[in-house]
Structures are given as structure tokens and as C-alpha cells.
Amino acid sequence: MAEAINWAFRGFCVGVPRQSDLDIFKRMISDVLPAYNCNTLVLLIRYQYQFKSHPDVADREPLSADQASEIADLCRQNNIRIIPKMNLLGHQSGKDRGSELGLLRVYPEFDETPDEPSVRYCRSLCPRHPNVKNVVFDLVDEIIDAFQADAIHVGLDEVFEIGKCPLCKVSSNAELFSEWVNALHSHIVGERKVEMLMWSDRLLDGNTTGYGEWEASKNDTWQMIDTIPKDIIMCDWHYGERESYPSIEIFSNNGFRFVICPWRELKATQAFMKFAYANKTDQLLGFLQTSWCNSGAVARYLCDGDNSVDEIPKQVGESFKWIMTF
Ligand SMILES: [Zn+2]
């Protein structure tokens, strides 16, 4: 393998596998990731864990505490940092049905917009509901403990339903977002003493950057960029090929450490990585390859070169192989 740059953060972001894919998933951790010097696995838990504090929140095929512990141990044996990830504001509903995922299914009173038909798959929690922090922090604590993690990724991407309920609409979206990020930080970093990562799209102005309303914010949340702790690691995701990526300069100038996060189009991955490298500062820690597809299929492709998997896992596998050797 060609000599790759010695990035501090060489990450792969994948979902919780189906129970029937656990073995191949573990084989990917022990065989493939070390071979590519991947040193960080971000595992998208969402609500796929058998929570003890709020058992009904668990979604389909949840990992047991033993399974979480096995995955975490296997990562550590292979010098891979395991970072569990949750969605702690937006993304509280399913893509196809607009149906509520774990938390809102059990606690519908946390829904920021209970009366609005869900036009997207992005229902949000109300950050000012008087009981939401109690429940969210219980879940966060359990996940940190289950993986004995020294970091957690809190999601926070693509928040569209914000500032709508009676408790929230009295404040600006920037203020609401800042308040929630600071509350999470104070629990996760302040009390639990672990590192916090988040998707950084809500910190980018969708208009001036040209990034638009998904990979950046057109609902003013970006105005709070100066009001949150600088020790949060920003995960800067962009999935399309562009001539320039203004977020590289924005996060560097604002004093955040960050990683760049590509997805499945190899040309886009290459454009983003090369631009970031050409404009890098010490704050660029490395990269986090995302997948957004069946992690069992990704594992079958990377472990065995199984070409019968769908197109997206194949593309993700190729992007992974390219970026890990950059
Ligand atoms: Zn609210």
C-alpha cells in the first residue's frame, strides 16, 4: 500500500449492522480497517441499542450491552477508537414514512412540531421541553458506558424544525441552537469528561458559502458559531464535487478542529480531500468517510469483494479505499 499521510483522524462512519451481519461486520473491524490504517470507527447508533433507562426507545434489531461491549473491545484490540453516534436534535423520523423514531415514538411530547405533517424525514426534538434533557442525557450516559467511549458524536445535522413551538418561537434559531449545543457540551465534556463531535452544517451560512440548505444552514443557526466551545470537533460533510470548499477556511478561522466527511462519489471525495489538503491548517485532523447504507453490505464488499451488493456500498467501499491511502 502506498505511504499515506499520517492523519490523526482516519475515520469510517457506519450504521449498526443487522444481527445476521454481525460476524462480517466484526471481520471488517479486525481485518479490513487495520489493513487500511483506519483508526476511528464512528458507529451510528441512532436508537438501535437495548437501553435500560428507557427500554421502549430501542428501535429495530438493537445491539445488546454485550454486543456493544464486544464491538468496542474488538476496536480497541485493533487500535481503533470507537465513537458512538446519536442524533440529538433533528433526524427524529424515518425517511419514507415521516414516522417517529425511538425517542419521539415514546415521548411524543418532545416533538418540536407535533401538529405539522412531516414533509421531510427530519422531525426535531424541542430543546426547551422541560424533561428532554433528563431523557437525552440518560441515553447519552448509557451509550458512553456501553462502549466505554472517550468521545461521542451527537449528530445535529439538517435541523429544519426549529423555533416553532411556543417555548422556542420567542427566541432566534441561533440562540436555540447555541443553547442546545452548550447544554450537550456541558453534560458530555463538562460532566462525563469525554470528547464531543457534531456535524457542522448548521454552523455554515448556506447563502454566502453557496452550500445550500442541507449541507449548510438557511435558517440562521450559523450565526451562533462564536457562542459554542472550541473543543467540539466539527465534522464537515459535503458529498458533491465542487471547485472550492469554503468551510475549510471557516472552521480554521473560527478555531475549531475538524475533519472532512465525503460520501460515495469518488470524484467528489477526491476533490474535497485534495482541496482540504491544499488549504490545510493544524486544525484539520483528517477525514471521516461516511457510508449511509447497509453496513453489512459495505463489510461484504470490503472483506470479500462481494460484487453482488448494491451500488452505494460499492461506491462507499471504493471511496474508503481511496481516502485511506491519500
Ligand atoms: Zn420547542
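In each ligand, atom 1 is the first atom listed, and ligand 1 is the first ligand listed.
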Practice item. Would you mind listing every side chain to side chain donor-acceptor pair (under 3.5 Å) that reaches into residues 282-293, with sequence neighbours excluded? Key: Y239-W292, Q289-S319, T290-W292

Check your understanding: Any chance CD of E61 has more than 12 other-residue heavy atoms, nucleotides or ligands included, within less than 6.0 Å?
Key -> yes

Practice item. Please determine if K169 and E112 form a salt bridge, counting it only when a charged side-chain N lies under 4.0 Å from a carboxylate O. Key: no

Revision key, fill the gap. Sorted by chain and number, protein N/O/S atoms nearer to the Zn ion (ligand 1) than 2.8 Å are E112 OE1, C126 SG, C165 SG, C168 SG

Exercise for review: Check which hydrophobic residues are tied to Y301 through side-chain heavy-atom contacts below 4.5 Å, counting indirect links as well, and list them.
Suggested key: V309

Review point. Excluding sequence neighbours, so at least two apart, what forms salt bridge (charged side-chain N to carboxylate O under 4.0 Å, His left out) with K133?
Key: none

Practice item. Please say whether more than 12 non-hydrogen atoms of neighbouring residues, nucleotides or ligands are located less than 6.0 Å from NZ in K52. Key: no

